[in-house]
Number of protein chains: 2
Amino acid sequence: MTNIRDLAREAHVSVTTVSRVLNDHPYVADDKRQAVQAAIQKLGYIRNQTAVHLSTGQTHTIGVMLPFVDHPYHAAILQGIARCAFEEGYRFLTWQTNYVESHEHTVLKALAQREVDGLIVVSHSLSVDEILQYEQYGPIVFCEYHPHASSVYINHYTAFQKGLKALQSLHHTKIGICLGRPDSTNSLARKQAYQDTVIDDARPEWIYEQALTIEDGAHVARCWLNQSHRPTAILTASDHVAAGIILELREQGYRVPEDLAVIGFDGSDLAVVLNLTTVAVPYETIGRHAFSIAISDSWQQHPQTEIPTTLKNGTTASILCTK
Amino acid sequence: MTNIRDLAREAHVSVTTVSRVLNDHPYVADDKRQAVQAAIQKLGYIRNQTAVHLSTGQTHTIGVMLPFVDHPYHAAILQGIARCAFEEGYRFLTWQTNYVESHEHTVLKALAQREVDGLIVVSHSLSVDEILQYEQYGPIVFCEYHPHASSVYINHYTAFQKGLKALQSLHHTKIGICLGRPDSTNSLARKQAYQDTVIDDARPEWIYEQALTIEDGAHVARCWLNQSHRPTAILTASDHVAAGIILELREQGYRVPEDLAVIGFDGSDLAVVLNLTTVAVPYETIGRHAFSIAISDSWQQHPQTEIPTTLKNGTTASILCTK
DNA sequence: CCTTGCCTTGAAACGCGTTCCATAGATTAA
DNA sequence: TTAATCTATGGAACGCGTTTCAAGGCAAGG
């Protein structure tokens with residue numbers, strides 16, 4: 001493999017001059033520049049990026065920590081990151097943690113070991129404080145709201161409220177909700193929105209937890225069926241769960257929204273297909289913002305960027321049917 | 001930032017010994033090993049991976065070239081790669097090319113510049129020969145069948161045949177197909193399967209091209225509606241397209257499968273939701289295999305690994321209804 | 001007692017590009 | 001004319017871990 005010293009010898013210049021040519025530095029005479037370029041051609045030189053990384057102390061790479069890459073939600077954020085990264089000439093490394101804490105530590109160590117210039121944390125199970133201890137090694141941007149960290153987020157409180165209020169304006173008062181991991185930051189905000197919005201009728205048994213997948217949704221539907229007092233509407237935390245509920249209910253001969261109104265969350269392809277009413281979230285935008293904060297200097301001020309959500313109307317939530 | 005020379009000074013040993021301790025080399029006396037470890041603790045040393053990469057000439061990183069990260073199909077392959085990479089202590093860099101050739105060149109250059117140890121090409125638009133010119137810089141594994149390259153693939157010919165034969169066994173003879181990018185390797189194989197299987201009734205006007213998304217599927221449905229001679233069944237190249245067809249037809253008051261039988265391709269979440277009959281593809285398995293070939297030496301023999309597909313029965317294809 | 005082989009250790013070279021600092025001629029401003 | 005800039009160029013140090021090579025010590029085999 002030829003290196004810049006070979007080029008210098010070939011072009012009869014110093015390595016410094018070669019480096020200048022490679023980096024388009026202005027102080028190089030035309031004849032020398034051409035000589036170097038000729039040498040590059042002749043020897044088939046290709047820059048060793050690893051050496052550049054070591055020398056400059058930058059990798060031009062951003063790490064992304066997320067639990068799963070194949071969830072539409074996360075993939076859409078990745079998409080935003082990917083777009084932005086490409087435009088800026090950056091790379092991104094993805095780590096799938098499955099919410100395993102030791103895996104999350106691996107990712108954080110990678111930042112400390114200078115494998116990446118910064119980190120975007122899409123979702124995590126370690127405590128924020130634990131993660132922020134690694135901020136001394138580089139920027140860490142969260143895709144969730146955290147008051148003392150750089151974060152790009154949607155307001156899960158108001159987003160959930162949007163769904164709940166929509167149901168209330170359709171005259172639903174008996175409203176249930178589905179949550180994912182019950183203790184996550186997002187779930188807590190959602191639960192709070194539930195308690196604050198469905199003030200008198202919020203019931204613990206109408207909060208269905210651990211609902212993340214289509215199968216979980218089907219399970220929720222079966223739970224609902226077994227309840228003596230049932231809500232007339234359910235707001236879920238993901239379109240997948242909403243889909244699972246709807247499919248299982250149809251399977252059992254129930255109708256949506258007549259027997260149960262359902263609102264999804266995410267605004268995914270599934271919502272399009274099932275014509276779900278859903279709280280649409282611009283995930284790609286979140287990814288873009290997170291990336292640009294990670295590579296700018298602004299992260300040091302721990303900026304908070306809220307991304308708005310919108311309610312997208314489908315056919316799975318309509319006015320309460322009082323049989 | 002403390003480095004191994006600082007450690008050596010602190011522990012009163014040579015940098016070689018420090019390096020040996022860091023790499024668990026056996027020939028180090030216990031007392032020296034402990035001295036080094038104490039120094040690491042005291043100085044808060046963290047290994048600089050970039051330096052390791054330069055020194056060893058390996059990055060322990062695999063690059064992944066794909067058009068989009070947010071397609072379930074690609075995300076599932078990524079998932080497989082991510083799992084395997086983690087297990088092996090590897091990282092992976094993802095490049096989203098949007099099928100733009102200049103972007104694909106960027107990715108290939110990254111291999112030449114030793115940013116990654118190898119490359120997994122999920123899908124591409126450059127010619128295989130052009131891509132293989134970069135094989136001198138490291139392993140390149142395709143997730144498509146290419147006779148002169150390392151490839152992990154599903155046999156699109158037999159997979160498509162599986163769908164077509166299923167329709168034939170339901171007494172359909174007027175069968176149409178949807179393809180994605182018409183000149184891709186996969187589409188050519190599919191078209192061939194169509195011509196070979198639906199021998200006498202294959203018609204050019206029943207080959208719907210450029211069908212990739214839900215919207216494209218809706219467009220196909222409208223084309224179908226406008227045709228004077230219509231097929232009674234359509235085999236698509238993705239569940240998304242199948243979903244688009246079905247939704248549009250329902251919208252227009254047609255029934256599936258009574259008016260048109262539809263079979264999807266991929267075995268995605270969409271298929272579950274819509275109870276699609278689909279050709280299921282184990283994408284994650286493809287990712288796993290591709291990864292393990294990329295990091296082993298076997299790639300030099302250009303191994304060919306075929307991954308089997310299965311027909312998954314839903315309700316969108318049933319016996320031909322002769323009204 | 002000598003040879004062979006294994007354990008331990010360190011100096012120095014290596015991988016390779018970037019950058020600081022010094023040098024020197026060419027301009028330009030004063 | 002002199003001082004101050006600017007343009008060009010190169011030597012050498014730097015970032016930092018790995019690896020080769022040489023050498024000294026010691027035990028087992030002959």
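Here is the naming used below: chain letters follow the sequence lines, and residue numbers restart at 1 for every chain.
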* DNA chain C: B:Ala51 or B:Pro26, which has the more 5' nearest nucleotide? -> B:Pro26
* Could you check B:Ala29 against B:Arg5 and say which one's nearest nucleotide on DNA chain C is further toward the 5' end? => B:Ala29
* Partner of A:His302 by side chain to side chain donor-acceptor pair (under 3.5 Å), out of A:Glu135, A:His146, A:His148 -> A:Glu135
* Does a side chain donor of either A:Glu144 or A:His156 reach within less than 3.5 Å of an acceptor in the other side chain? -> no
* **Between A:Phe291 and A:Tyr90, ring centroids under 6.0 Å** => yes
* Using heavy atoms and a sub-4.0 Å distance, could you list which residues of residues 31-39 of chain A are near DNA chain C? By number, please. => none
* Interatomic distance where CG belongs to B:Leu7 and C1' belongs to C:dG10 [whole Å] -> 16 Å
* To do: Would you kindly give the CG-to-P distance between B:Leu22 and D:dC16, to the nearest whole Å?
  => 14 Å
* Which part of the nucleic acid, if any, lies within reach of A:Arg47 when heavy atoms closer than 4.0 Å are counted: base, sugar-phosphate only, or nothing? -> sugar-phosphate
* Could you give the CD-to-C1' distance, from A:Gln113 to D:dG17, as a whole number of Å? -> 13 Å
* Asked: Roughly how far, to the nearest 0.5 Å, is CD of A:Gln49 from OG of A:Ser55?
  -> 11.5 Å
* Return the nearest nucleotide to the side chain of A:Leu54; candidates are D:dG15, C:dG17, D:dG17. => D:dG15
* Structure fact -> Note: A:Leu188 and A:Asp183 closest approach over all heavy atoms is CD1-O, 3.8 Å
* Taking CG from B:Asp24 and P from C:dT8, how many angstroms apart are they, rounded to a whole number? -> 15 Å
* **Lys/Arg-Asp/Glu bridge criterion (N-O < 4.0 Å) met for B:Glu284, B:Arg288** => yes
* Remember a base hit wins even if backbone is also touched, and classify B:Val18 as base, sugar-phosphate or nothing at under 4.0 Å, heavy atoms. => nothing
* Structure fact -> Regarding the side chain of A:Ile4, the nearest nucleotide among C:dG10, C:dT18, C:dC16 is C:dT18
* Base, sugar-phosphate alone, or nothing: which one does B:Val13 contact when heavy atoms must sit under 4.0 Å apart? -> sugar-phosphate
* Distance below 4.0 Å between A:Tyr27 side-chain N/O and C:dA26 OP1 or OP2 -> no
If you restrict it to nitrogen or oxygen atoms, what contacts under 3.5 Å exist between nucleotides 19-27 of chain D and the protein, and what is each distance?
residue, atom, partner, partner atom, Å
D:dT19, O4, B:Thr16, OG1, 3.4

* If you measure only the distance, is there a donor-acceptor pair under 3.5 Å linking the side chains of A:Ser19 and A:Thr16? -> no
* Asked: What distance separates A:Asn3 CG from A:Leu43 CG, expressed to the nearest 0.5 Å?
  -> 10.0 Å
* Of all the nucleotides listed (D:dG10, C:dG17, C:dC16), which has the minimum atom distance to the side chain of A:Tyr45? -> C:dG17
* Atom-pair distance (CD on A:Glu115; P on D:dG17), nearest Å -> 13 Å
* Can you check whether A:Leu126's main-chain N or O pairs, donor with acceptor, with A:Glu104's side chain at less than 3.5 Å? -> yes
* Asked: Between atom NE2 in A:His25 and atom P in D:dC6, what is the gap in whole Å?
  -> 14 Å
* **Nearest-Å distance for atom pair CZ/C1', residues B:Arg114 and C:dG17** => 12 Å
* When the aromatic ring centroids of B:Tyr73 and B:Tyr283 are compared, is their separation below 6.0 Å? -> yes
* Nearest-Å distance, CZ (B:Arg9) to P (C:dA11)? -> 13 Å
